[in-house]
Amino acid sequence: MPSFFDLTLDNLTQLVTAWGEPSFRAKQIWQAVYRDLAPSPEEITTLPKPLRERLKAELTFGSLTPMADAKSLDGQTRKLLFRLPDGKSIEAVLMGYRRRRTTCISTQAGCAMGCVFCATGQMGFKRHLSAGEIVEQVMWFARELKGGDDRLTNIVVMGMGEPFHNYEATMAAVDLLNDPEGFNFGARRITISTVGLVPMIERFAAERRQVNLAVSLHAATDKLRTELLPINRKYPLAVLFEAVRKYTATTKRRVTFEWALIQGKNDTPEQARAFAGLAAGLPCHVNVIPLNPTRAYAGQATTRERAAAFKAALESRGIPCTIRVRRGIDIQAGCGQLAVEEQVTLQS
Ligand code: SAH
Ligand code: SF4
């Protein structure tokens with residue numbers, strides 16, 4: 001059965017008019033689902049009953065089945081494991097920090113990129129998610145929060161999968177979430193993280209989207225980056241930085257680099273220096289985060305001292321850097337990996 005969340009408002013309008021309904025019904029349904037957060041057509045009581053029944057019979061409003069729901073000890077992070085209709089599973093996380101409510105969502109079941117330290121990479125690629133499956137993760141948390149009279153403030157596309165490997169569905173999801181007639185979630189409060197698929201960075205830049213871009217860098221020399229992120233063989237640093245520079249020049253926006261610090265590997269002064277060379281004059285910001293150790297990778301998290309030294313090495317060269325901590329580590333909230341909202345000063 002087709003999913004409601006794969007439809008645009010135009011698609012929905014075509015559908016309901018084909019059923020012989022007036023077109024205003026489409027907008028009414030759209031707003032009930034995306035603004036009032038009705039979880040299913042039965043709850044849209046302003047609709048005539050036969051229309052509610054037809055919607056229920058012809059569209060699915062829930063293709064995600066929650067299988068596990070874990071809360072971190074501090075109560076600030078919640079991780080959901082969802083089963084998809086074909087039995088595959090994905091994870092999505094909700095993080096609270098002060099007034100921020102950030103959801104971290106997945107774009108694929110598994111991932112084909114094989115980054116050695118990443119839990120999702122270690123499981124391999126299962127399949128792409130549809131736009132609707134991506135949107136539904138957000139709606140699920142939006143409804144939950146509404147129950148507590150709260151709302152989402154940020155979306156990070158940093159869960160399972162490589163969003164630029166599933167570009168069309170990811171952008172369709174962004175457009176759906178963005179729709180001013182519907183959920184109306186500001187593009188500037190959405191961040192997409194990519195491992196560095198150059199052609200898609202170029203496309204993203206050309207589309208001049210207002211969505212924030214983060215690039216998972218993790219190393220500033222080709223030898224080390226290829227060892228950690230095999231995709232670097234295909235898109236080495238020179239090519240990647242050319243695309244990133246094009247992005248910042250076209251969009252006049254800053255780019256964020258993600259850097260998981262692995263003890264003795266990529267947390268060295270040499271790496272910091274090499275990065276400063278690559279990023280000279282580039283409007284950017286670096287988020288470093290101690291590695292979240294995973295089963296199939298022997299590397300360990302850096303220490304506080306080394307993280308602070310790495311940050312200082314970047315800052316002394318004029319590159320802003322934030323040390324982030326992994327919240328909800330007790331519930332494996334990382335999807336193996338999540339970059340985290342809480343900004344913590346680990347030094348001193
Ligand atoms: N595929 C995209 C988005 C999902 S991964 C990407 O790679 O950017 C989200 C972030 O978590 C990436 O920066 C990724 O490199 C990082 N990450 C993955 N595994 C990690 C781990 N074990 N510890 C710390 N960060 C990790
Ligand atoms: Fe895929 Fe990102 Fe994990 Fe690399 S870090 S394997 S791109 S999810």
Side-chain angles (χ1 to χ4, degrees), residues 79 90-93 95 102-129 134 137 155-167 169-170 173-174 190-198 200-201 204 211-220 224-235 240 244 255-263 265-267 284-302 307 310 322-329 332-341:
K79 179 165 90 163
I90 54 162
E91 297 170 2
V93 176
M95 297 168 282
T102 302
T103 178
C104 177
I105 56 171
S106 297
T107 55
Q108 299 176 320
C111 182
M113 301 297 138
C115 306
V116 295
F117 52 78
C118 170
T120 308
Q122 290 160 11
M123 72 178 73
F125 180 68
K126 310 271 197 258
R127 74 164 168 87
H128 293 302
L129 301 190
I134 299 170
Q137 297 167 58
I155 297 172
V156 294
V157 186
M158 293 189 185
M160 298 170 82
E162 168 49 43
F164 281 3
H165 182 212
N166 187 16
Y167 192 90
T170 300
V174 165
I190 304 177
T191 300
I192 296 184
S193 177
T194 178
V195 71
L197 301 186
V198 165
M200 295 302 134
I201 294 176
F204 184 76
V211 175
N212 304 301
L213 180 67
V215 175
S216 297
L217 200 65
H218 306 300
L224 181 58
R225 191 161 190 270
T226 300
E227 179 188 323
L228 299 174
L229 288 70
I231 195 70
N232 191 69
R233 220 183 294 275
K234 191 160 180 195
Y235 304 115
L240 176 60
V244 170
V255 65
T256 298
F257 291 107
E258 309 283 335
W259 198 298
L261 289 170
I262 309 165
Q263 165 120 317
K265 235 345 175 201
N266 62 355
D267 62 350
C284 68
H285 181 269
V286 181
N287 279 334
V288 299
I289 183 154
L291 180 81
N292 204 359
T294 50
R295 190 183 41 80
Y297 180 64
Q300 290 303 310
T302 195
F310 191 82
T322 307
I323 299 177
R324 288 170 187 265
V325 286
R326 267 161 210 286
R327 303 253 311 283
I329 211 154
Q332 306 286 309
C335 294
Q337 60 216 212
L338 297 182
V340 170
E341 283 302 297

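None of these values were measured; they are calculated from a predicted model. Both counts, for ligands and for their atoms, begin at 1 and track the order of listing.
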Any atoms of ligand 2 less than 4.0 Å from a non-hydrogen atom of Val195? List them with their elements. 7 (S)
Ligand 1 to Leu291, heavy atom cutoff 4.0 Å, flagged ligand atoms 21 (C), 22 (N), 23 (N)
So is Gly161 in contact with ligand 2, going by heavy-atom distances below 4.0 Å? yes
Looking only at heavy atoms, which two atoms of Arg225 and Asn232 are closest? And how far apart? NH1-OD1, 2.9 Å
Enumerated ligand 1 atoms positioned under 4.0 Å from heavy atoms of Asn292: 21 (C), 22 (N), 23 (N), 24 (C)
Relative to each other, are the rings of His218 and Phe117 parallel, tilted or perpendicular (30° and 60° limits)? perpendicular
Using a 4.0 Å heavy-atom threshold (strictly under), name the region of Glu258 that reaches ligand 1: side chain, backbone, both or neither. side chain
Identify, with sequence neighbours excluded, every residue that meets side chain to side chain contact (heavy atoms under 4.5 Å, CB included) alongside Ser193. Met158, Ala214, Ser216, Glu258
With Lys126, which residues qualify under side-chain hydrogen bond (donor to acceptor under 3.5 Å, both in side chains), at least two apart? none
May I ask you to check whether Thr294 has an N/O atom sitting below 3.5 Å from an N/O atom of ligand 1? no
Would you mind listing which atoms of ligand 1 come within a distance below 4.0 Å of any non-hydrogen atom of Thr194? 6 (C), 8 (O)
Which heavy-atom pair separates Met95 from Val156 by the least distance, and what is that distance? CE-CG2, 4.5 Å
Just jot down the ligand 2 atoms closer than 4.0 angstrom to any heavy atom of Met113, in number order. 1 (Fe), 7 (S)
Nearest-option assignment for atom 4 (Fe) of ligand 2, heavy atoms, candidates Pro230, Gly114, Ser216, Cys115: Cys115
Provide the number and element of each atom of ligand 2 under 4.0 Å from a heavy atom of Gly121. 6 (S)
Counting from 1, what ligand 1 atoms have a heavy atom of Gly161 closer than 4.0 Å? 1 (N), 2 (C), 3 (C), 4 (C)
Among Gly299, Cys111, Ser216, which one has a heavy atom closest to atom 8 (O) of ligand 1? Ser216
Taking N, O or S atoms only and a limit of 2.8 Å, check whether Cys111 reaches atom 1 (Fe) of ligand 2. yes
Which bit of Cys118 gets closer than 4.0 Å to ligand 1, counting heavy atoms only: side chain, backbone, both or neither? both
Atom 3 (Fe) of ligand 2 and Cys118: any N/O/S contact shorter than 2.8 Å? yes
With backbone taken as N, CA, C and O and side chain as the heavy atoms from C-beta onward, which portion of His218 lies under 4.0 Å from ligand 1: side chain, backbone, both, or neither? side chain
Anything under 30° is parallel, anything over 60° is perpendicular, the rest tilted; go ahead and classify Phe125 against His165. tilted
So CD1 of Ile323 and CD1 of Ile289: to nearest 0.5 Å the spacing works out to 10.5 Å
Going by distance only, is there an N or O of Phe117 that falls short of 3.5 Å from an N or O of ligand 1? yes
Between the side chains of Thr107 and Glu162, does any donor sit under 3.5 Å from an acceptor? no
Of all the heavy-atom pairs spanning Ala92 and Gln137, show the shortest one and how long it is. CB-OE1, 3.7 Å
So, do Leu229 and Tyr235 sit near enough that their side-chain heavy atoms are less than 4.5 Å apart? no
Could you check whether the rings of Phe310 and Trp259 sit parallel, tilted or perpendicular, using 30° and 60° as the cut-offs? tilted
Shortest non-hydrogen separation from Gln122 to Thr294 and the atoms involved: NE2-OG1, 2.9 Å
For Gly159, take its heavy atoms, then give the atoms of ligand 1 lying under 4.0 Å from any of them. 4 (C)
Contact partition for Val215 relative to ligand 1, non-hydrogen atoms under 4.0 Å: neither
Distance filter under 4.0 Å to Ala260 heavy atoms, resulting ligand 1 atoms: 24 (C), 25 (N)
